[in-house]
Amino acid sequence: MSQSLQSARRSGALGESYLKVRNETLALARGLSDADATVQSMEDASPAKWHLAHTTWFFETFLLETQLAGYQSFDPSFCYLFNSYYEQVGARHPRPRRGMLTRPSLEEVWTYREHVDGAMLRLLETEPAEDILNLVELGLNHEQQHQELLLTDILHLFAQNPLRPAFHSPEPLAVDEEGPAALSWKSFDAAMAEIGHEGEGFAFDCEGPRHDAIIRPFKLASRPVLNCEWLEFMADGGYRTPTLWLSDGWAIANERGWNAPFYWEDRAGEWQVMTLRGMQPVDPAAPVCHVSYFEADAFARWTDRRLPTEVEWEHAASLHKLQGNFADSGRLRPKPPVAGQGDDELLSLFGDVWEWTQSPYTAYPRFKASAGAVGEYNGKFMNGQYVLRGGSCVTPGGHVRATYRNFFQPDKRWQFSGLRLADDL
């Protein structure tokens, strides 16, 4: 969000800030049918209807039921249906079976959102205390995360349909005739850097505490890896060369038959890719997308380079302009990096694709999860996952920052994930 809730409260625009985020979710889902919003395409994905209801459940459970006098829950059964993973809140419907929720209908979920929004506006008019305000801000950032997940999951769902329907306008996007942006390197000296959120403005708990980190001399690629480079990797046997791969990655790649990034299809010798705009030709000049950590790591080995650590990435990004191709551009697909725009030496650092780092998702020094159920938000997932940085073309504008830590298991490909190379000096 471009305006903090604290400043919004001072200006009397707190309700407007709340409704802005909530309405952005509605705008994403309005074109979906009840069937589109109900089907679950795999265990990792959730139906759009569930996203719409779960984000509403968050406000109802953590704010309205405890802070608004006389509040009546819309439907007590929704606490079971739309709790995600909060053990302290109670039992919940199994995640792999969210697609079985043919009821409530999509229309009833719209009504549920209206019920909660009306009550939230009444709560915000009471000038809530600072701790309540912080929960509202957490809830809105949580909703923005689910806006991105809704788009990610809809793409996966539509990719299972043989018609390959488009979520957004299916017209082909223009291809830059100047060709791919040249690759260069930006060098960084050794440093004792401060890493993590500084405490001003919103951040998730896993972004702190701020702490010192030793950085060895390194260099970072001026742009993400592009599709044209990935095609070279494929042509050189990248998916057939076991020495490039981590053992688990090689086993999974063979088991699942990986031979290209996720959503790529070879149609009569031409690579096309399923996007939120339907099937589109692979753009050679655009960042490669929908690759797993295992694939990213294998590509880096193929180039005799490596993936950056998250400390290196954040150090490089800390003074970088926070601008890029986010969801609000309407493109909903990675955009080719273009050199010569402004004085940025690192292109597409924010937006376009989440960039895998080689860092496991673990706690920063002195990290402590928040008390209560909201403390389950991030901390309990700090095992078996890797950190991604920078946001993507489906991340809401204004949602990310240099300290933002995304994280997924190393085999996941349905996210808008790519990579940027690094090397030692």
Side-chain angles (χ1 to χ4, degrees), residues 1-25 53-74 76 78-79 82-90 92 112-113 115-147 196-211 363-382 396 398-401 403-406:
M1 291 169 288
S2 60
Q3 183 184 40
S4 72
L5 289 188
Q6 289 89 342
S7 62
R9 180 167 67 172
R10 288 194 296 269
S11 65
L14 188 55
E16 293 178 13
S17 296
Y18 172 85
L19 287 178
K20 181 178 183 294
V21 173
R22 296 284 284 170
N23 288 336
E24 287 169 349
T25 309
H54 167 70
T55 51
T56 306
W57 168 90
F58 187 98
F59 289 109
E60 182 175 61
T61 300
F62 294 118
L63 286 155
L64 296 177
E65 292 184 348
T66 60
Q67 301 300 323
L68 185 61
Y71 176 75
Q72 296 293 319
S73 65
F74 182 80
F78 282 14
C79 187
F82 301 121
N83 180 3
S84 54
Y85 49 71
Y86 296 92
E87 299 283 353
Q88 296 178 63
V89 174
R92 59 202 176 278
Y112 177 40
R113 288 180 68 91
H115 174 85
V116 167
D117 286 347
M120 280 296 300
L121 292 178
R122 294 195 300 274
L123 175 63
L124 295 176
E125 289 173 354
T126 66
E127 298 187 1
E130 190 70 18
D131 59 336
I132 303 306
L133 184 67
N134 291 338
L135 266 179
V136 174
E137 191 162 25
L138 175 62
L140 292 177
N141 280 270
H142 167 258
E143 178 131 357
Q144 288 182 313
Q145 287 184 316
H146 279 270
Q147 290 170 1
H197 191 252
E198 293 187 80
E200 296 183 4
F202 177 82
F204 291 107
D205 58 357
C206 65
E207 296 177 53
R210 193 164 176 83
H211 60 284
Y364 284 162
R366 304 185 310 281
F367 169 82
K368 291 184 179 180
S370 302
V374 293
E376 299 183 52
Y377 199 104
N378 287 307
K380 70 181 186 180
F381 299 110
M382 291 176 172
H399 180 64
V400 298
R401 54 211 150 259
T403 61
Y404 195 109
R405 308 172 79 197
N406 199 357

- Show the numbers, then the answer: is there a side chain to side chain contact (heavy atoms under 4.5 Å, CB included) between Phe82 and Thr61? CA-CA 10 Å; Phe82 301 121; Thr61 300; over 6 Å; no
- Message: Set out, in order, the CA-CA distance, both residues' side-chain angles and the distance that settles side chain to side chain contact (heavy atoms under 4.5 Å, CB included) for Arg92 and Glu87, then state yes or no.
- Response: CA-CA 9 Å; Arg92 59 202 176 278; Glu87 299 283 353; 2.8 Å; yes
- Message: Could you walk me through whether Gln145 and Thr55 satisfy the side chain to side chain contact (heavy atoms under 4.5 Å, CB included) test, starting with their C-alpha distance in whole Å, then the side-chain angles of each, then the deciding distance to 0.1 Å, before giving a yes or no?
- Response: CA-CA 10 Å; Gln145 287 184 316; Thr55 51; over 6 Å; no
- Task: For Leu135 and Gln67, run side chain to side chain contact (heavy atoms under 4.5 Å, CB included): C-alpha distance rounded to whole Å, both residues' side-chain angles, the deciding distance at 0.1 Å, then the answer.
- Result: CA-CA 11 Å; Leu135 266 179; Gln67 301 300 323; over 6 Å; no
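Closest heavy-atom contact between Asp205 and Ala369: OD2-CA, 4.5 Å. For the pair Tyr364 and Gly196, the tightest heavy-atom approach, listed with the atom from each and the gap, is CE1-CA, 4.2 Å. Residues His197 and Glu200 approach most closely at NE2-O, 3.1 Å, considering heavy atoms. Pairing each heavy atom of Phe367 with each of Gly208, the nearest pair is CD1-O, 3.6 Å. Of all heavy-atom pairs spanning Ala203 and Arg401, the tightest one is CA-NH2, 3.8 Å. The heavy-atom pair separating Leu140 from Tyr18 by the smallest distance is CD2-CD1, 3.8 Å.
With rounding to the nearest 0.5 Å, the separation of CG in Leu63 from OH in Tyr71 is 11.0 Å. The CG atom of Asn134 sits 9.0 Å away from the CZ atom of Phe202 when rounded to the nearest 0.5 Å. If you take CD on Glu143 and CD on Gln147, they are separated by 6.0 Å, rounding to the nearest 0.5 Å. The CD atom of Gln72 lies 10.0 Å from the CD atom of Glu65; values are rounded to the nearest 0.5 Å. Taking CD from Glu130 and CD from Glu137, the interatomic distance works out to 9.0 Å, rounded to the nearest 0.5 Å. Taking CG of Leu121 as the start and CG of Leu19 as the end, the distance is 4.5 Å to the nearest 0.5 Å.
By the 30° and 60° cut-offs, the orientation of the rings of Trp57 relative to Tyr86 is tilted. Between Phe381 and Tyr85, the ring-plane angle classifies as perpendicular under the 30° and 60° cut-offs.
The closest side-chain heavy-atom distance from His146 to Phe58 is not below 4.5 Å. Two residues are said to be in side-chain contact when any heavy atoms from C-beta on lie closer than 4.5 Å; Val400 and Asn406 fail this criterion. Residues His115 and Thr56 have side chains not in contact (no heavy-atom distance under 4.5 Å, counting atoms from C-beta outward). Contact of the Val116 side chain with the Phe78 side chain is not registered, since no non-hydrogen atoms from C-beta on lie closer than 4.5 Å.
Between Lys20 and Glu24 there is a salt bridge, with a side-chain nitrogen of the basic residue lying less than 4.0 Å from a carboxylate oxygen of the acidic one.
With Phe59 as the aromatic partner, Arg22 does not meet the cation-pi criteria of under 6.0 angstrom to the ring centre and within 45 degrees of the ring axis.
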